[in-house]
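Source: prediction; values computed, not measured.
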Amino acid sequence: MRELVTTLLDVLGLLLVAAGAGAALLPWIGWGALTASGAVVLAGSWWAARQARPARGER
């Protein structure tokens, strides 16, 4: 249960960061700011997946 709550909070935090980045860039680049938001989400997803994998030679 603790891991689920932590995961949900991580997801919520990442989405809030992405929304903030999009809102900050909206006046300068318009709706293309969604690209920045998507990049934040993808970077977070990549980072989380990388942390979940065991290092080479470890199991």
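Here the straight-line distance linking atom CG of L9 with atom CG of L14 works out to 12.5 Å at 0.5 Å rounding. Annotation: the span from W47 atom CH2 to D10 atom CG amounts to 7.5 Å, rounded to 0.5 Å.
Two residues are said to be in side-chain contact when any heavy atoms from C-beta on lie closer than 4.5 Å; L15 and V11 meet this criterion.
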